[in-house]
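Note sheet for the following structure.
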Amino acid sequence: MGFADAFLDMAVIARYAPSILSGMGVTLALAVLIVLAGTAAGLALACLRATGSRRLSIPIVIFADVFRALPPLALILLAYFGLPNVGVSLSSFMVLFTVLALVLAAFAEEIFWAGIAATPKGQWEAARSTGLGFRSTLLWVVLPQAARMAVAPLTNRAIAITKMTALGTVIGVPDILNQATTAVSFSGDASPLTLAALAYVAIFLPLVIASRRLERRFQWRRL
Amino acid sequence: MPPILELIGLRKRFGALDALADVSLSVAPGELVFVLGPSGSGKSTMLRCCNLLERPDEGAVVLEGRDIAARGVDLDAARKRIGMVFQAFNLYPHLSALANVTLALRKALRLPRAEAEARGMAALDRVGLADKARNMPGQLSGGQQQRVAIARAMALEPAVMLFDEPTSALDPELVDEVLAVMRELRAAGMTMLVVSHEMRFARAAADRVVFMDRGAVVEQGPPERIFEAPRSERLRAFLSRRA
């Protein structure tokens, strides 16, 4: 059997293309939801931490450290098989979304926090000296600068974590990889995986390119 | 006339260091008070206590008759009455010159956009930078940046303006444009408290010169008297090193 038969059997590809396509829909939906929820939650946590309150920042730091330390696959299995025992039954889609959004939130919190902490003290002082309060200063002066610093590390992290939607295959989320491995078992041919690879490229390459453009747009001339 | 700003018995410790050891000072309406002293003399700490960027351990900061260092004072409201200009300019790098000036007008004074922009443009015009309103700080020279920072503080129409070594970070050829703006402010009747090393400016523009050393006011008086006939040994030594 030649390479083309193993990886590029057109008949097999044609047969399984629709299911891979539906897997693309699932992966794309997950990716978008995870990026939106994870980034928003991470930003909110970083803002709470910026208040300087220890009662807020200690749990935030613990959350961020735990969710950055644990392997996402372990969290996914733990949530999927563990939560029903305490009466929480989530669909495999919800488990995957929740776990990866939390993981992204943990990294995003650290990234935004780093940006907030790296914004010079003089920026706070200048704003506060004109009568702007803490919240206005954070919102209009510090966050815009912190966000610019965060764009590059955040897009990298967001791409890395949304790719982990492929882990959902172990709990039966009908994403690209799951559809492809199912197709492989039925057809005895690896071609659906080739198609899956193409599907991932089709989703994530534009994301990578968009992140590059975003990084360029958010550059501004430094003092 | 009652003073616009009066510091009474300010004390501030940083660890083992007495940054301010009982400093009292008053600034009358329209007066330009110039503070000089060796580095570490507490002059910047004193200035930063005036708008509570630094909270004194003891003492009162009386602005227009009210102690704003007391507990429970709305500091944001008080700070709208006190403009501050920093050594490092501290312009917001992500905002245009005009937006730097209008941010507090819109978000602290809550003026509508059109009114804030009109006032912002007027302030930029007074520092001679109306044509740079749309420029970003990174596109301006140091002197221009500091003039935008002055416009930002001035646009709030404060009762008093604080200057913390406003020309120390500037190349020598850019110092004069900033001093010229400060002279104009003075001529327009602005009350100013200036910490600086620009002796020529002090001689030409100050109503009173205050000499600080080791966290205390050592000597004060009109500039001619301070520079021509210093009374304390410490001021004489300081002036001779500078001469």
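Naming convention: chains lettered A, B, ... in sequence-line order (proteins, then strands); numbering from 1 in each chain.
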State the CZ-NZ distance between A/R135 and B/K107, to the nearest 0.5 angstrom. 14.0 Å
For B/I82, is it the side chain, the backbone, both or neither that has a heavy atom under 4.5 Å from a heavy atom of chain A? backbone
When the 4.5 angstrom heavy-atom criterion is applied to B/R81 and chain A, the contacting part is neither
With rounding to the nearest 0.5 angstrom, report the OG1 to OH distance, A/T119 to B/Y92. 12.5 Å
Enclosure of A/W124 CH2 (heavy-atom neighbours >12, cutoff 6.0 Å): yes
Check whether any side-chain heavy atom of B/M84 sits under 4.5 Å from a side-chain heavy atom of A/T130, and report yes or no. no
Best-contacting candidate, B/R152, B/Q87, B/R48, against chain A by heavy atom pairs under 4.5 angstrom: B/R48
When you measure from the side chain of B/N51 to the backbone of A/S129, do you find a donor-acceptor pair of N or O atoms at a distance under 3.5 Å? no
Locate the shortest heavy-atom distance separating B/A108 from A/G131; write the atom from each residue and the value. CB-O, 3.8 Å
Tell me whether the count of non-hydrogen atoms from other residues, nucleotides or ligands lying under 6.0 Å of CZ in A/R212 goes above 12. no
Hey, could you give me the CG/NE2 distance between A/L143 and B/H94, rounded to the nearest 0.5 Å? 9.5 Å
As an exercise, state the distance from CG of B/L52 to CZ of A/R128, rounded to the nearest 0.5 Å. 11.0 Å
Correct closest heavy-atom pair for A/L132 and B/D76 would be O-OD1, 3.7 Å
Other residues, nucleotides, ligands: >12 heavy atoms within 6.0 Å of B/R126 CZ: no
Quick one: CZ on B/R106 to OG on A/S136, what's the gap to the nearest 0.5 Å? 11.5 Å
